[in-house]
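What you see is a predicted model, and the numbers here were worked out from it, not measured in a lab. One-based numbering, in listed order, for ligands and for the atoms of each.
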Amino acid sequence: MKIGVLALQGDFAEHIVMLKRLKVETSEVRMPEHLGGLDALIIPGGESTTIGKLAADFGLTDPLRQFGQRHAIWGTCAGAIFLSRDARRHQPLLSLMDITVQRNAFGRQVDSFEADLDVPELKRVTGTKEPYHAVFIRAPIIESVSGEARVLASTADKRIVAAQQGHLLATSFHPELTSDTRFHEYFLSMAD
Ligand code: GLN
């Protein structure tokens, strides 16, 4: 299995470190031809407007949409925004997932915070019992899911922070900034 990481902007290097820890072959994606031969793709956190603009500049928008028709894609934070159909403002989006997101939704006082999440599906797939300790940095919330999309995790105050739609995964938080590899393992199980 070979997993690409969109390397236009943001914390793609941290995702590559996680994938290497899991002994998975990875490569950086900057051009449409880099998608060839990949089984799945991760879109990292960063700045969703910048990622969207650079993807358009590099001719990647349509190739990414086509890739997502048949292959697994996971967006973390800015990547989740880019995957969404609606970010409640005008910005370039892949519009692959039937989710509406609200950017920077946790407010200035708590721009960054950490929280333990109960993610039943993650525990089931990885055979573990521990809650998932999630890192949020100027994170979006997933306001709503529709169509085939379903909620994977919410905060204690019921804000949706992870969703899945078939082989597409969106998380508001940053598993690549922790030492817990379970979300990457979960994504690999989706890509298989
Ligand atoms: N606030 C950023 C955005 O709206 C996302 C932040 C992140 O990826 N950590 O794109």
Note to self: If I compare all heavy atoms of L60 with all of L6, which pair ends up nearest, and what's the gap?
What the structure shows: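 What the structure gives for the nearest pair is CD1-CD1, 4.1 Å.
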Checklist line | Closest non-hydrogen atom pair, A55 against F82 | finding: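 Answer, listing the atom of A55 first, then F82: CB-CZ, 3.8 Å.
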Check: In the hydrophobic clustering (ILVMFWY, side-chain contacts below 4.5 Å, transitive), which residues join L177, or is it alone?
Finding: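 The other cluster members (ILVMFWY side chains, heavy atoms under 4.5 Å, direct or chained) are V135, I137.
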Notebook entry, point to check: So, do L152 and L169 sit near enough that their side-chain heavy atoms are less than 4.5 Å apart?
Noted result: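 When only atoms from C-beta onward are counted, L169 and L152 do touch, with a gap below 4.5 Å.
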Check: Hey, is the main chain of E143 close enough, under 3.5 Å, to the side chain of T100 for a donor-acceptor pair?
Finding: no
Check: Within 45 degrees of the axis of the six-membered ring of F187 and under 6.0 Å from its centre: does R182 put its NZ or CZ there?
Finding: no
Check: Name the residues in contact with ligand 1, where contact means a heavy atom under 4.0 Å away: which are they?
Finding: G45, G46, E47, S48, C77, A78, I81, R103, N104, I137, R138, H174
